[in-house]
There are 2 protein chains.
Amino acid sequence: MGDPDGDLPDDFELPENVALAWGLRDRPSRGPKRSLSLEQVVATGIRVAQADGISAVSMSRVASELGVGTMSLYRYVPTKHDLLDLMADTAYGPPPSPRAPGEGWRPALTRWAEGNLAALRRQPWIRHVPIGGPPINPNAVRWMEYGFLALRGTGLRPTERISTILLVSGYARSWATTTGDLAEAAARTGQTPDEAGQRYWRQLAVLTAPGPYPAIHELMAEVGEEEETDEAEWRFGLDRILDGIEALVKARAAGQTQHQ
Amino acid sequence: MGDPDGDLPDDFELPENVALAWGLRDRPSRGPKRSLSLEQVVATGIRVAQADGISAVSMSRVASELGVGTMSLYRYVPTKHDLLDLMADTAYGPPPSPRAPGEGWRPALTRWAEGNLAALRRQPWIRHVPIGGPPINPNAVRWMEYGFLALRGTGLRPTERISTILLVSGYARSWATTTGDLAEAAARTGQTPDEAGQRYWRQLAVLTAPGPYPAIHELMAEVGEEEETDEAEWRFGLDRILDGIEALVKARAAGQTQHQ
DNA sequence: CATGACTGCGTATGTCATACGCTTTAATGC
DNA sequence: GCATTAAAGCGTATGACATACGCAGTCATG
């Protein structure tokens, strides 16, 4: 009970940054009181990133925003990269509501996928924070839990459930990155994303004109009028993935009943 | 004939970096001869990245590797980021063989997906070069062409073909990133990727023990013995995606015949 | 009340990308 | 053939930046 962190095996080695993220850092009993908290530092970093982009997040900027010296931040965070990592985990925000009792896996997983996309849209800078490895930060684990919840009882094997979650979240990140980069590049030259898209096709047409690009030319000839919304393109990819998963789930279910 | 670049509309505005990538830069007629070529600079950058990782690629490192002054590189490349962009495009290498006459779309697209993965494995640093936008560099366009070739005659609409290509290449990059990051993190602490994986699950078990993570606990209890190879996990995701596309292609084909 | 862990943080170091401008080179216009 | 002038190589300078180190002040504990 003296240990507010619950009972961890004392001999268990946890990387510094992970321990920090989970709030498992010791009572700093002896010295002067801290003037800040890790949460404040992270929140300030997020505010800077949100306002001026990730490239504006420097240790000195965050520090001065907090009214402290640059080096003081290193009392809260071992490295800038750890700060970014914590920022990303926090800024991702809470996952959408978990699969309700009686709800099918597909609507639940769809909601989960759209939650991922929404998070990356809300805080576009997150996609510039490199993924350090498998999900280990508290919020990432929470998201993972909800993802697995959606897949309970589908008959998918454990490794398949993991791959599925990875596939869907990877798609969300991929898609957010592609469209986000495009939008940012457009904004940098003062165009709307639509204009930038038009421009892209014009450039591509010019560049591929002299060369052997039959499939691209065919596509450009056909595309013309039909213009999809971003949302429809996102749904297209997601629906393909979910259709693929559904096919497997159904096959499994059929095999299962056969065996019974 | 005096124009070796072919006949581009003279009034057409192409961004500097794109023009550079396509070799559309003017006869530098007046001054002294260049001692290097853009290709040499790019190749040297790639060599450095391959040897010591992308963080070792600095303008001064590349320059000294070439035996020239740092600032000389700026006669070949407007910005470091443009150099990285060119490096990535070149290092990706040639796409796998295009769809053969009579070959189905699925084997062709599978080969294309695996080519993407192989490229990212051959030059792992590529995944740290941010994607600047839609594919516009020469090699990227070539890859895109081959991707569209695979989808010819599937009945997919143009925007759907684009989304499909994006979906598959995004998956390859996503997957290469996830597994690559894991492998690098493991190597940094001197472990094999397998050991790192074991370690991850142990850490996750400890961290989630006190909290409400039923789906994660369920998964960890089941997983135990069964160990998938990386290759099998990659195939799982790819097969799901392709199954989803196949379902759509078949549905289209059925609808088409109905209408005839 | 003294000890010493811990605080904030000033200073210093080393690394980078890149702006600027000088000197040398060589193709072009006369 | 000679003057002109664009372009090449590159030394130097600038301004960010992350972070190592160490010091002086603080405060719970023995």
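Lettering of chains follows the sequences in order, A, B, ..., and the numbering in each one begins at 1. No hydrogens, no waters, no symmetry mates; every other heavy atom, side chains included, goes into these values.
Taking 4.0 angstrom as the limit, B:Lys33 places none of its side-chain polar atoms (N or O) nearer than this to OP1 or OP2 of D:dG9. One finds a side-chain N or O of B:Tyr76 lying less than 4.0 angstrom from the OP1 or OP2 phosphate oxygen of D:dG9. Between B:Thr79 and C:dT18 there is a side-chain polar atom (N or O) within less than 4.0 angstrom of OP1 or OP2. Close to D:dG9, at under 4.0 Å from its OP1 or OP2, lies a side-chain N or O of B:Ser35. For the OP1/OP2 pair of C:dT18 and a distance below 4.0 Å, the side-chain nitrogens and oxygens of B:Thr70 include no atom meeting the criterion.
For the pair A:Leu73 CG and C:dG10 C1', the computed distance is 14 Å after rounding to whole Å. Here the C1' atom of nucleotide D:dA7 and the CE atom of B:Met71 are 15 Å apart, to the nearest Å. Summarising the geometry, the separation between OH on B:Tyr74 and P on C:dC22 is reported as 21 Å, rounded to the nearest angstrom. Separating the CG atom of A:Leu84 from the C1' atom of D:dA18 is a distance of 12 Å, rounded to the nearest angstrom. In this structure, the CZ atom of B:Arg75 is 13 Å from the P atom of C:dG21, given to the nearest Å. The CZ atom of A:Arg61 sits 17 Å away from the C1' atom of D:dG15 (whole-angstrom rounding). One can place CG of B:Leu66 at 16 Å from P of D:dA8, the figure rounded to the nearest angstrom. Counting to the nearest Å, the P atom of D:dT19 and the CG atom of A:Asp82 are 9 Å from each other.
Atoms CZ and CD, from B:Arg122 and B:Gln50 in turn, are 10.0 Å apart once rounded to the nearest 0.5 Å.
Put simply, the side chain of A:Met144 does not reach to within 4.5 Å of the side chain of A:Ser169, judged on heavy atoms. Using a 4.5 Å heavy-atom cutoff, the side chains of A:Trp22 and A:Val141 are in contact. Within the 4.5 Å cutoff, the side chain of B:Leu166 has no heavy atoms near those of the A:Glu233 side chain.
Ranked by how close their nearest DNA chain D nucleotide is to the 5' end, A:Ser58 and B:Gly31 are led by B:Gly31. Both B:Val57 and A:Val68 lie close to DNA chain C; mapped to their nearest nucleotides by heavy-atom distance, the more 5′-ward contact belongs to A:Val68. Nucleotides of DNA chain D nearest to A:Ser60 and B:Pro32 differ in position, and the one nearer the 5' end is that of B:Pro32.
By the 30° and 60° cut-offs, the orientation of the rings of B:Tyr92 relative to B:Trp143 is perpendicular.
When heavy atoms are screened at a 4.0 angstrom cut-off, B:Ser72 is found touching base atoms of the nucleic acid. Counting non-hydrogen atoms under 4.0 angstrom, A:Gly69 reaches the backbone sugars and phosphates but no base. Among the heavy atoms of the strands lying under 4.0 Å from B:Met59 are primed sugar atoms or P, OP1, OP2 only; no base atom is included. Residue B:Arg34 is in sugar-phosphate contact alone, with no base atom involved, counting any heavy-atom pair closer than 4.0 Å across all strands shown.
Nearest to the side chain of A:Arg30, among C:dA17, D:dA18, C:dC6, sits C:dC6. Of all nucleotides listed (C:dC16, D:dC21, C:dG21), C:dC16 comes nearest to the side chain of B:Lys80.
In terms of modelled atom types and a separation under 3.5 Å, the side chain of B:Gln191 and the main chain of B:Ala186 share no donor-acceptor contact.
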